[in-house]
Amino acid sequence: MEQPTDWTEPGAHPVVPGVHRIPLALPIPSLHAVNVYVIEDADGPIVVDSGWAMPDTRASLEKALRALGHGLDDVAQFLVTHAHWDHYSQALALRESFGTRVRIGRGERTSIEAFDVSRGLHPRQVELLRRCGAGALADEIAGMPMDRSEQDVPHTMPDGWLDDGERIALTGRGLDVFATPGHTRGHVVMRDAGAGLLFAGDHILPHITPSIGLETEPEPKPLRSYLESLRLVRDMPDTLLLPAHGPVTPSVHTRIGELLEHHAERLDAAAAQVGAGRGTAFEVAAAMPWTRRMRRLGDLDAFSRMLAVLEIEAHLDVLADRGVLDAHEESGVRRYAVRR
């Protein structure tokens, strides 16, 4: 079914019969909005992801649901792809109001349990940045204040877990759950094979590459997991891509091919920088271009610089796993060299 030219246009946009896409605004300018998907079911609508818990997004979701003949209290359950606030927090807030059931991938338990507002937003990332040789950036991130809206975002446990290989039986359709770690360790996608749909969360995005391992307790090798998860989905029959950020896209396979090519190019570029004598993730990241505008690391805001440095660290770790690089630690900083 035809989608609006601007994917962020408010409303309930039909994808296939019985499935609608609702974009909800975000307090993150670079992402613009997050898509939640409403699946009609006999027991009440099923909603995939939920948006950020804010009054405006709650009102937008309520308005879109009413256009479909539902209220917020009619939602039977939220199925959440991962625990980032723009996907998870509004489901928790609505559970407080209506008792709505919330489920999320079992692998998210580690980071949900570890989250502690008193430690700041990115305590583990601060530690990792120091290991990357980015001490000044680590201090900057550690010193960033948490505003009241961030402190008050709900981040509690779900009512149940989504397990890899599980089949969710709905009226006239079934959703198959697949664990796709990488973006977060517990990220899941849900596939409706009969309708040819993949509810992809942030695993596969049509216009941007998702961050890797940004969570309270990231796994040790998030990029390795992410690439394996891409190949897992590529080995399934192709479907429509229903992403969390961006428009509905005709082919999951096409976008996976682009993402795999992008990371292959970044791996080659990172290896070349190490070959040129840059030995830490921070030094390599500082020498590489960023975003489609080919900006330098120092031109990015602190949060984006953190993501960039940690992404390069993940690439360098994959290169070490493949035997391209050697890695060792000196005074708490991981250094890399081309294996001879």
Side-chain angles (χ1 to χ4, degrees), residues 31 34-37 46-53 77-95 100-117 119 121-125 127-128 153-168 175-191 198-205 209-234 236 242-245 252 256 259 307 310-311 313-314 317-318:
L31 288 179
V34 61
N35 292 318
V36 306
Y37 294 91
I46 307 297
V47 180
V48 177
D49 288 333
S50 69
W52 193 301
Q77 64 175 319
F78 286 97
L79 304 175
V80 182
T81 59
H82 63 293
H84 285 163
W85 290 347
D86 54 329
H87 298 256
Y88 188 41
S89 63
Q90 185 152 255
L92 298 176
L94 293 174
R95 181 180 67 182
T100 315
R101 182 170 169 79
V102 178
R103 299 177 68 202
I104 196 169
R106 187 176 294 276
E108 296 293 72
R109 182 169 194 154
T110 301
S111 283
I112 293 172
E113 288 182 334
F115 182 76
D116 180 354
V117 70
R119 297 173 60 204
L121 282 178
H122 307 294
R124 179 60 178 149
Q125 284 67 38
E127 297 171 7
L128 294 174
V153 169
H155 200 79
T156 51
M157 299 295 282
D159 300 289
W161 303 108
L162 296 170
D163 288 310
D164 184 41
E166 175 183 351
R167 183 171 178 81
I168 302 170
L175 299 179
D176 294 304
V177 178
F178 295 94
T180 50
H183 179 59
T184 65
R185 64 166 64 202
H187 193 290
V188 298
V189 300
M190 285 160 274
R191 190 170 185 273
L198 184 75
F199 298 91
D202 283 1
H203 180 51
I204 304 163
L205 301 173
T209 58
S211 61
I212 303 297
L214 180 63
E215 53 191 319
T216 311
E217 290 293 337
E219 61 175 304
K221 305 286 184 180
L223 181 60
R224 181 176 63 187
S225 293
Y226 181 65
L227 297 176
E228 290 172 352
S229 296
L230 286 177
R231 297 184 185 104
L232 170 77
V233 178
R234 185 186 60 182
M236 304 172 190
L242 274 56
H245 308 286
V252 168
I256 289 176
L259 289 167
L307 293 182
L310 295 179
E311 179 179 314
E313 174 83 340
D317 282 344
V318 166

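In summary, the side chains of Glu219 and Ser225 do present a donor paired with an acceptor at a separation below 3.5 Å, with no hydrogens or angles considered. Side chains of Thr184 and His82: no donor on one and acceptor on the other come within 3.5 Å. Residues Gln90 and Ser50 bring no donor and acceptor atom of their side chains to less than 3.5 Å of each other.
No donor-acceptor pair under 3.5 Å is formed between the side chain of Asp49 and the backbone N or O of Tyr88. For the pair Ser229 (side chain) and Pro181 (backbone), a donor-acceptor distance under 3.5 Å is present. Panel note: side chain Asp202, backbone Pro210; no donor-acceptor pair is recorded below 3.5 Å. The backbone N or O of Pro243 lies less than 3.5 Å from a partner atom in the side chain of Tyr37, making a donor-acceptor pair. Within the 3.5 Å criterion, the main-chain N or O of Arg185 finds a donor-acceptor partner in the side chain of Glu215. For Ser89 (side chain) and Ala53 (main-chain N/O), a donor-acceptor pair under 3.5 Å exists by modelled atom type. Panel note: side chain Gln77, backbone Ile46; no donor-acceptor pair is recorded below 3.5 Å.
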Audit row: Asp163, Val177, side chain to side chain contact (heavy atoms under 4.5 Å, CB included) steps and yes/no = CA-CA 7 Å; Asp163 288 310; Val177 178; over 6 Å; no
Intermediate values then yes/no, side chain to side chain contact (heavy atoms under 4.5 Å, CB included), Glu313 and Leu128 | CA-CA 9 Å; Glu313 174 83 340; Leu128 294 174; over 6 Å; no
Could you go step by step and tell me if Val47 and Leu79 meet the side chain to side chain contact (heavy atoms under 4.5 Å, CB included) rule?
-> CA-CA 6 Å; Val47 180; Leu79 304 175; over 6 Å; no
Quick one: do Thr180 and Leu230 satisfy side chain to side chain contact (heavy atoms under 4.5 Å, CB included)? Show the steps, please.
-> CA-CA 8 Å; Thr180 50; Leu230 286 177; over 6 Å; no
Please lay out, stage by stage, how His187 and Tyr226 fare under the test ring pair (Phe, Tyr, Trp, His ring centres under 6.0 Å).
-> CA-CA 10 Å; His187 193 290; Tyr226 181 65; 8.9 Å; no
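In this structure, His84 has its ring center no closer than 6.0 Å to that of His155.
For the atom pair CG of Leu242 and CG of Asn35, the computed distance is 8.0 Å after rounding to the nearest 0.5 Å. Taking CG from Leu198 and CD1 from Ile204, the interatomic distance works out to 5.5 Å, rounded to the nearest 0.5 Å. From Arg234, atom CZ reaches atom CD1 of Ile256 across 7.5 Å, with rounding to the nearest 0.5 Å. Once rounded to the nearest 0.5 Å, the distance linking NE2 of His122 with CG of Leu307 reads 8.0 Å. To the nearest 0.5 angstrom, Leu162 atom CG is 13.0 Å from Phe178 atom CZ.
Ion pairing of Arg231 with Glu228 is absent here, as no side-chain N (NZ or NE/NH1/NH2) approaches a carboxylate O to less than 4.0 Å. Look at Asp176 and Arg191 and you find no salt bridge, because none of the NZ, NE, NH1 or NH2 atoms lies under 4.0 Å from a carboxylate O. Ion pair Arg95/Asp159 flagged as a salt bridge, since at least one NZ, NE, NH1 or NH2 atom sits closer than 4.0 Å to an Asp/Glu carboxylate oxygen.
Across all their heavy atoms, Ala93 and Pro154 have their closest contact at N-CG, 4.1 Å. Here the closest non-hydrogen pair linking Ala179 and Asp164 is N-OD1, 2.9 Å. Summarising the geometry of Val48 relative to Thr81, their closest heavy-atom pair is CG1-CG2, 4.3 Å, with the distance given to 0.1 Å.
Results of the side chain to side chain contact (heavy atoms under 4.5 Å, CB included) test with Trp161 over Glu166, Arg103, Arg109 single out Arg109 as the only residue that passes.
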